[in-house]
Amino acid sequence: MGCFKQCCKEVSELYPTIEYEEQIVDNTCQQLVINPQQFDVMVMPNLYGNLVSNLAAGLVGGAGVVPSKSYGSDIAVFEPGARHTWMEMKGMYVANPVAIVLSSALC
C-alpha cells in the first residue's frame with residue numbers, strides 16, 4: 001500500500017461517520033459520468049486528480065469554464081480549473097473569462 005493510500009485510510013478511521021471507499025481511477029471516471037451524485041468529496045493523488053477533474057470539466061461545459069483552488073501549507077492558488085485551455089485560439093480575441101472570474105469568487 002502506498003503512502004498516500006495508507007494516510008487516507010488512517011485518517012478515515014478517525015472519522016467513522018464519514019464513508020471511506022476506494023476505487024480504481026477508470027471505474028471512478030465511469031461512475032462520475034453515470035452517477036455523479038454519489039460523490040461528495042474525492043481525494044486522490046495529482047495524476048488521478050488531473051484525469052478526473054478534466055472529465056468533470058467536460059461534463060459541465062469544458063475546461064475553460066471551471067474554477068479551481070489549491071491549498072498548500074503556506075499558500076493558496078486560485079486559477080482556471082484546467083491549464084492550457086484554448087491555446088489554439090490565442091490572438092483571436094474570443095476568450096471566455098468565466099473560469100478566471102469564478103476562480104476569483106472562490107477567495
Side-chain angles (χ1 to χ4, degrees):
M1 179 182 301
C3 183
F4 183 87
K5 187 174 173 181
Q6 181 179 343
C7 288
C8 288
K9 180 78 172 150
E10 288 173 6
V11 171
S12 75
E13 292 169 359
L14 300 174
Y15 300 91
T17 59
I18 298 175
E19 182 181 340
Y20 173 78
E21 180 182 344
E22 296 177 7
Q23 291 184 355
I24 58 175
V25 71
D26 59 343
N27 182 45
T28 301
C29 290
Q30 179 183 18
Q31 293 299 315
L32 192 57
V33 171
I34 294 170
N35 186 20
Q37 60 273 14
Q38 69 182 297
F39 299 106
D40 291 322
V41 174
M42 301 172 78
V43 179
M44 62 198 71
N46 188 43
L47 173 63
Y48 297 150
N50 286 342
L51 294 170
V52 171
S53 65
N54 285 339
L55 172 74
L59 292 173
V60 297
V65 297
V66 293
S68 172
K69 57 185 173 181
S70 300
Y71 294 102
S73 58
D74 298 324
I75 194 167
V77 176
F78 301 88
E79 61 186 347
R83 294 167 189 78
H84 313 296
T85 57
W86 276 39
M87 287 305 290
E88 66 274 5
M89 300 303 221
K90 184 177 179 181
M92 298 178 77
Y93 304 102
V94 293
N96 184 344
V98 170
I100 197 67
V101 171
L102 290 174
S103 296
S104 67
L106 295 175
C107 296

Heavy atoms only: give me the nearest Gly61-Val65 pair and the separation to one decimal.
C-CG2, 3.9 Å

Which atom pair, heavy atoms only, marks the closest approach of Pro80 to Ala99?
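Heavy atoms of Pro80 and Ala99 come nearest at CB-CB, 3.8 Å.
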
Rounded distance (nearest 0.5 Å) linking atom [atom1] of [X] with atom [atom2] of [Y]:
X: Glu13; Y: Glu10; atom1: CD; atom2: CD; result: 7.0 Å
X: Ser70; Y: Glu79; atom1: OG; atom2: CD; result: 5.5 Å
X: Ile34; Y: Cys29; atom1: CD1; atom2: SG; result: 11.0 Å

Given side chains that start at C-beta, do those of Leu102 and Val66 come closer than 4.5 Å, heavy atoms only?
no

Kindly give the cluster partners of [X], where membership spreads through any ILVMFWY side chain lying under 4.5 Å from a current member.
X: Tyr71; result: Phe78, Leu106
X: Phe4; result: Val41, Val43
X: Ile24; result: none
X: Val11; result: Leu14, Tyr15, Ile18

Excluding sequence neighbours, so at least two apart, what forms side-chain hydrogen bond (donor to acceptor under 3.5 Å, both in side chains) with Tyr48?
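Listed in chain order: nothing, the list is empty.
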
Which residues pass the side-chain hydrogen bond (donor to acceptor under 3.5 Å, both in side chains) test with Asp26, not counting sequence neighbours?
none

Using the side-chain contact (heavy atoms from CB on, under 4.5 Å) rule, take Met44 and Val52 through it: C-alpha gap first, then chi angles, then the decisive distance, then the call.
CA-CA 9 Å; Met44 62 198 71; Val52 171; 3.7 Å; yes

Kindly write out the residues that satisfy side chain to side chain contact (heavy atoms under 4.5 Å, CB included) with [X], not counting sequence neighbours, or none if the list is empty.
X: Val33; result: Leu55, Leu59
X: Gln23; result: Glu21, Asn27, Thr28, Gln31, Gln38, Phe39
X: Ala105; result: none

